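Fair warning: this is a prediction, and the values are worked out from it, not measured in the lab. Below, each value reflects all heavy atoms present in this structure, side chains not excepted, and no hydrogens, waters or symmetry copies. Note on naming: letters A, B, ... go to the chains in the order of the sequence lines (proteins, then strands), and numbering restarts at 1 for each one.
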2 protein chains.
Amino acid sequence: MSTAEETAGAEMPPWAEVTPDAARRLLVAAVEAFAERGYHATTTRDIAGRAGMSPAALYIHYKTKEELLHRISRIGHEKALEILRTAAQGEGGAAERLADAVSSFVRWHAGGRTTARVVQYELDSLGPDARAEIIALRRQVDAEVRGIIQDGVAAGDFDVPDVPGTTLAVLSLCIDVARWFNVNGTRTPEEVGALYADLVLRMVGAGPR
Amino acid sequence: MSTAEETAGAEMPPWAEVTPDAARRLLVAAVEAFAERGYHATTTRDIAGRAGMSPAALYIHYKTKEELLHRISRIGHEKALEILRTAAQGEGGAAERLADAVSSFVRWHAGGRTTARVVQYELDSLGPDARAEIIALRRQVDAEVRGIIQDGVAAGDFDVPDVPGTTLAVLSLCIDVARWFNVNGTRTPEEVGALYADLVLRMVGAGPR
DNA sequence: TCCGATACTGAGCGGGCGCTTAGAGTGCCC
DNA sequence: GGGCACTCTAAGCGCCCGCTCAGTATCGGA
């Protein structure tokens with residue numbers, strides 16, 4: 001677990017690509033509010049208030065409340081995909097790359113739980129067009145993990161009777177971390193990442209390391 | 001996978017314990033609406049309309065919209081706990097009981113996805129008192145699964161370095177089925193249950209069956 | 001010094017929300 | 001048959017929602 005290390009860190013400059021500054025502050029405020037209360041329970045007045053602005057200011061930078069969610073979701077999914085791609089294209093064997101992918105993906109969900117929660121659980125709040133775009137990104141996420149598992153099976157390292165089903169389960173396990181992980185809990189994101197990498201290697205029937 | 005068979009079926013008479021009939025129709029309508037759109041995006045007018053009643057009729061049977069969610073959540077959690085208890089108190093070894101617990105729990109999440117979605121993902125929409133009551137039920141759910149795993153470790157059937165962490169992962173895997181399972185998809189609840197039982201046995205290091 | 005562009009605010013519009021109330025319909029016990 | 005308890009509806013109250021718009025402050029360039 002080293003190749004994808006730098007991409008799975010604590011969201012180094014989070015949302016740095018969002019400009020200008022006011023637009024980024026609004027977006028960060030929206031992420032926090034959506035994560036705490038959910039998209040539908042969050043008001044535009046709440047988002048603007050958290051960013052220290054009047055409700056009307058939001059509409060200078062974003063056309064609607066939904067556009068905020070769309071932007072958050074797309075950036076988040078692109079980040080998730082980048083993390084998995086980095087791990088999948090690593091140099092080790094399938095077991096090493098799968099462990100790397102799982103541990104960095106889990107660290108992203110646990111460490112950036114606020115963002116991950118919005119990204120993974122507010123998909124249904126998007127309109128049809130935006131949702132379709134995001135679903136395409138999710139298919140790419142699935143393909144990355146499936147690719148590693150297929151490599152392991154082809155190399156004889158893994159014993160996996162149902163590759164698509166196991167891929168689904170591995171991703172499901174990682175994603176659900178965003179639901180239960182507690183920042184004030186006893187486990188650090190790194191500990192959960194290591195535990196989950198071990199569990200996933202067992203799931204694919206990789207021999208003991 | 002047989003002892004918990006009858007309790008994990010297709011919600012045989014769903015919500016049969018809710019009376020009178022009008023109250024049950026409203027509750028079933030609320031489950032569907034909450035599952036489709038989420039609690040906050042569902043209006044009381046929508047719930048009443050689905051039940052074929054006027055908006056005011058809802059308030060004869062329930063004090064608030066939140067009371068509906070609370071009732072749904074409590075009944076659902078009690079059912080989930082019953083399913084796991086039945087499996088945990090089965091007669092086989094730890095491996096058999098764990099496989100039974102996972103497969104029946106997964107079948108409940110996949111087959112009754114509508115209900116399970118509300119039960120598992122609308123917890124935060126409850127007020128503090130109701131949430132505390134539900135969290136107590138969830139701790140009992142966790143204890144049942146942890147008990148089976150501990151039995152397996154004590155008997156030397158399982159190899160589990162981190163029992164609480166593995167318990168968390170097993171439950172997480174099952175619960176997340178309610179998020180991704182698609183009724184129109186290619187897999188039946190039974191198939192997913194069997195696949196997941198196998199994956200979980202690998203996670204706990206149980207020997208091949 | 002003035003100008004236009006940009007970023008923002010205060011006030012508020014139309015509408016839908018959760019929930020209430022007055023009263024009508026219905027069936028059961030005496 | 002009369003009274004009552006129960007169930008449900010039509011109407012609507014007060015509130016807050018997403019979003020708009022006229023107007024103000026600020027600032028770089030000529």
Side-chain angles (χ1 to χ4, degrees), chain A residues 15-73 118 122-131, chain B residues 15-73 118 122-131:
Chain A
W15 313 110
E17 68 259 59
V18 181
T19 52
D21 183 71
R24 181 172 51 248
R25 270 160 45 218
L26 284 164
L27 191 132
V28 169
V31 170
E32 289 172 5
F34 291 162
E36 278 178 27
R37 307 205 221 287
Y39 175 77
H40 287 292
T42 298
T43 70
T44 54
R45 284 164 176 84
D46 182 24
I47 297 169
R50 285 173 190 250
M53 304 168 95
S54 79
L58 195 151
Y59 293 89
I60 293 165
H61 301 283
Y62 302 94
K63 230 177 76 181
T64 60
K65 176 179 151 187
E66 197 200 314
E67 193 194 320
L68 261 169
L69 178 60
H70 185 193
R71 282 258 232 283
I72 292 166
S73 195
V118 179
E122 297 291 351
L123 206 67
D124 292 342
S125 303
L126 288 170
D129 292 351
R131 184 160 58 236
Chain B
W15 313 111
E17 67 259 60
V18 180
T19 55
D21 182 70
R24 180 172 52 249
R25 270 160 46 218
L26 283 164
L27 190 132
V28 169
V31 170
E32 288 171 5
F34 291 163
E36 277 177 27
R37 307 207 222 288
Y39 175 78
H40 287 292
T42 298
T43 70
T44 53
R45 284 164 178 82
D46 183 24
I47 297 169
R50 284 172 190 250
M53 303 168 94
S54 79
L58 196 153
Y59 293 90
I60 292 163
H61 302 283
Y62 303 95
K63 230 178 76 181
T64 61
K65 176 179 150 187
E66 196 201 314
E67 193 195 319
L68 261 169
L69 178 61
H70 184 192
R71 283 257 234 281
I72 292 165
S73 194
V118 179
E122 296 292 351
L123 207 68
D124 292 342
S125 303
L126 289 169
D129 292 352
R131 184 159 59 238

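- Nearest nucleotide to the side chain of B:K65, out of C:dT9, C:dC19, D:dT7: C:dC19.
- The CG-C1' distance, from A:L58 to C:dC8, rounds to 12 Å in whole Å.
- Of all heavy-atom pairs spanning A:R131 and A:D124, the tightest one is NH1-O, 3.4 Å.
- Dashed line: the shortest gap from a side-chain N or O of A:H61 to OP1 or OP2 of C:dC8 is under 4.0 Å.
- For the atom pair A:Y62 OH and A:H70 NE2, the distance stands at 12.5 Å (nearest 0.5 Å).
- With C:dT20, C:dC8, D:dG18 as the candidates, the nucleotide lying closest to the side chain of A:T43 is D:dG18.
- The separation between A:I60 atom CD1 and D:dT26 atom C1' is 14 Å, rounded to whole Å.
- Among the protein residues, A:S54 comes within range of the nucleic acid bases, having at least one heavy atom under 4.0 Å from a base atom.
- Sequence order on DNA chain D of the closest nucleotides to A:T42 and B:R25 puts B:R25 first from the 5' end.
- Taking atom CG of B:D46 as the reference point, atom P of C:dC19 lies 15 Å away to the nearest angstrom.
- The pair B:E36-B:R50 meets the salt-bridge criterion, with a side-chain N (NZ, NE, NH1 or NH2) lying under 4.0 Å from an Asp/Glu carboxylate O.
- Rounded to an integer number of Å, the gap from NE2 of A:H40 to P of D:dC16 is 21 Å.
- Atom C1' of nucleotide C:dC19 and atom CG of B:L68 are separated by 13 Å, given to the nearest angstrom.
- Of the side-chain N and O atoms in B:T44, one or more sit less than 4.0 angstrom from OP1 or OP2 of C:dG18.
- The CE atom of B:M53 sits 12 Å away from the C1' atom of D:dC6 (whole-angstrom rounding).
- Cation-pi contact between A:K65 and A:Y39: present, with separation from the ring centre below 6.0 Å and deviation from the ring axis of at most 45°.
- Within 3.5 Å, no donor on the side chain of B:R45 pairs with an acceptor on the base of C:dG16, nor the reverse.
- Computed from coordinates, the A:I47 CD1 to D:dC16 C1' distance equals 15 Å when rounded to whole Å.
- Minimum atom distance to the side chain of A:A56 is reached by D:dT20, of the listed C:dG18, D:dA11, D:dT20.
- Rounded to whole Å, the distance from CD on A:E66 to C1' on D:dC19 is 14 Å.
- The side chain of A:Y59 contributes no N or O atom lying less than 4.0 Å from OP1 or OP2 of D:dT20.
- Proximity note for A:A57 (side chain, C-beta onward) versus C:dC19, D:dT9, C:dC8: the nearest is C:dC8.
- With no hydrogens or angles considered, no side-chain donor-acceptor pair links A:T64 and A:E67 at under 3.5 Å.
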